[in-house]
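Read the structure below first, then the notes.
Ligands are counted one by one from 1 in listed order, and the atoms in each one are counted from 1 as well. Not measured: the values here are computed from a predicted model. In what follows, residues are counted from 1 in the order of the sequence shown.
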Amino acid sequence: MYYGAVEAGGTKFVCAVSDENFDIIHRVSIPTTSPSETLSHVFEFFNQYSLQSIGIGSFGPIDVNKDSDKYGYITSTPKPGWGYFDFIGTMKEKYNIPMAWTTDVNAAAYGEFRQGSAKENGSCLYLTVGTGIGGGAVVDGNVLEGFGHPEMGHILVRKHPDDSYEGVCPYHQNCLEGVASGPAIEKRYNKKAQELASDQKVWELEAYYIAQALVNYTLILRPEKFILGGGVMKQEQLFPLIRQQFVTLLSDYVDTPALEKSIVMPELEDNAAITGCLLLAAEAKEQI
Ligand code: ADP
Ligand code: ZN
């Protein structure tokens, strides 16, 4: 018997099947097109296996409230065709097995918590800085959700005095995602983030924004570890800059673990979310 996992992203879906030890035995990447076309490829893949449960970590916003009549839906996404798509309903029509349903970043946080850089920790927070910015946290062994899932990428940040760029978020303009996502960097400098690798000022600004976010998350949650992933964080020079800014902004108000060990890259690299989905699939099965 196998576990299935879907990391549903806005650009691509990664699907994987693992054995009961969570060793991945097959994995595919499917371009995200329309829901029906994309899901037809997902079904083609999973039809080759007898699955006991499936874990899904999806781009959002999604409805995770079990009491809601829209539970299992992707909700107000601007992505054409995907608004109010009944993801779990469509999956359940095909496979009548237990399913776990959460955000891609919650899944990544859970993967890192159980098998990655936070496996020795009691709590962690995973933040992706890519096309968008999103975060998920694990507290007391559980993914943190309330009325809905957190939207950590849209917190409001203080503008850097040297930054005149107005921000890219259609809802809040200069929220964290608005000023620090990959597209924000690209619009501010008219160049892709990866082409600005040697421009020190770009990364100073970026670190200032990300450090503000980590200070706020620290004040709210006090997680033991921050794991920073996504395309923009491939610029490894950001890590020491973020740690420096974090110290300045937190201003010794509260204790934190040593920052070299608590503001880190994902140990599972690009497998954090898919691993989390497999682990959550196993738990969905146990709940039956
Ligand atoms: P997505 O968020 O769409 O799943 P990514 O996490 O790769 O995918 O994020 C894509 C964004 O990250 C783009 O804005 C891109 O410019 C930026 N990006 C990708 N690779 C790098 C890199 N090596 N350095 C800096 N920015 C990068
Ligand atoms: Zn926003």
Side-chain angles (χ1 to χ4, degrees), residues 6-15 29-33 38 56-62 74-80 82 103-109 111-112 126-136 148-159 163 165-207 209-210 212-213 216-217 227-242 265-266 268-274 276-277:
V6 184
E7 180 187 356
T11 316
K12 64 178 196 297
F13 272 42
V14 177
C15 298
S29 178
I30 297 162
T32 310
T33 55
T38 313
I56 303 168
S58 177
F59 73 93
I62 67 175
I74 291 180
T75 59
S76 55
T77 175
K79 195 168 173 57
W82 290 87
T103 60
D104 45 4
V105 278
N106 274 345
E112 285 288 320
Y126 180 96
L127 192 73
T128 182
V129 186
T131 305
I133 299 185
H149 56 79
E151 282 286 357
M152 302 188 192
H154 291 265
I155 60 166
L156 305 179
V157 289
R158 202 189 274 166
K159 281 290 283 289
D163 185 12
Y165 178 59
E166 70 271 20
V168 78
C169 176
Y171 294 92
H172 321 108
Q173 216 154 27
N174 56 6
C175 66
L176 178 65
E177 179 171 301
V179 296
S181 59
I185 299 174
E186 188 173 338
K187 292 237 167 67
R188 185 185 289 113
Y189 300 104
N190 290 315
K191 264 190 193 173
K192 286 202 175 302
Q194 48 271 58
E195 292 159 12
L196 293 159
S198 58
D199 189 330
Q200 176 72 7
K201 189 74 196 168
V202 172
W203 307 110
E204 266 174 37
L205 219 65
E206 184 70 9
Y209 290 127
I210 296 172
Q212 281 189 62
N216 288 332
Y217 305 148
I227 302 143
L228 308 181
V232 172
M233 294 311 305
K234 306 260 175 197
Q235 298 295 322
E236 291 182 22
Q237 71 274 25
L238 271 171
F239 282 86
L241 296 173
I242 290 168
M265 284 181 250
L268 302 174
E269 299 180 349
D270 295 334
N271 270 330
I274 209 79
C277 289

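- Residues Q235 and V202 have side chains not in contact (no heavy-atom distance under 4.5 Å, counting atoms from C-beta outward).
- Using bins of under 30°, 30° to 60° and over 60° for the plane-to-plane angle, the ring pair F13/W82 lands in the tilted bin.
- Side-chain N or O atoms of K159 include one that pairs as donor or acceptor with a backbone N or O of Y165 at under 3.5 Å.
- The shortest separation from a heavy atom of Q235 to ligand 1 is under 4.0 Å, placing the residue in contact.
- Within the 4.0 Å heavy-atom shell around ligand 1 one does not find G9.
- When the shell of 6.0 Å around NZ of K191 is examined, it contains 12 or fewer heavy atoms from other residues, nucleotides or ligands.
- Shortest distance from the Zn ion (ligand 2) to H154 is reached at ND1 (N/O/S atoms only).
- Under the 4.0 Å distance rule, the nearest protein heavy atom to atom 24 (N) of ligand 1 falls inside the cut-off.
- Open room surrounds CG on D270; 12 or fewer heavy atoms of other groups in view lie less than 6.0 Å from it.
- In this structure, R188 and L196 have side chains that are not in contact, with every pair of non-hydrogen atoms separated by 4.5 Å or more.
- Contacts of P183 with ligand 1, taken as heavy-atom pairs under 4.0 Å, involve both backbone and side chain.
- Between the side chain of T38 and the backbone N or O of T32, no donor-acceptor pair lies under 3.5 Å.
- If you check which protein heavy atom lies closest to atom 2 (O) of ligand 1, you get T131 N, 2.9 Å.
- Atoms of ligand 1 lying under 4.0 Å from any heavy atom of T11, numbered from 1 in the order shown and given with element: 3 (O).
- Ligand-side atoms of ligand 1 in range of G230: 6 (O), range being under 4.0 angstrom from any heavy atom.
- Atom 5 (P) of ligand 1 has G231 N, 3.6 Å as its closest protein atom, hydrogens excluded (heavy atom only).
- The atom name of the N/O/S atom in H172 closest to the Zn ion (ligand 2) is ND1.
- Remark: minimum distance from atom 15 (C) of ligand 1 to any protein heavy atom is reached at Q194 OE1, 3.4 Å.
- In this structure, CG in N190 is found 11.0 Å from CD in E195, a value given to the nearest 0.5 Å.
- No donor-acceptor pair under 3.5 Å is formed between the side chain of S181 and the backbone N or O of G132.
- At a 3.5 angstrom cut-off on N or O pairs, W203 does not count as close to ligand 1.
- The nearest protein atom to atom 13 (C) of ligand 1, hydrogens excluded, is given as G182 CA, 4.4 Å; this is a heavy-atom distance.
- Considering only non-hydrogen protein atoms, atom 26 (N) of ligand 1 sits nearest to A193 CB, 3.3 Å.
- When heavy-atom distances to ligand 1 are checked against a 4.0 Å cut-off, K234 comes that close only through its side chain, counted from C-beta outward.
- Q212 places a side-chain N or O within donor-acceptor distance of the main-chain N or O of R158, the cut-off being under 3.5 Å.
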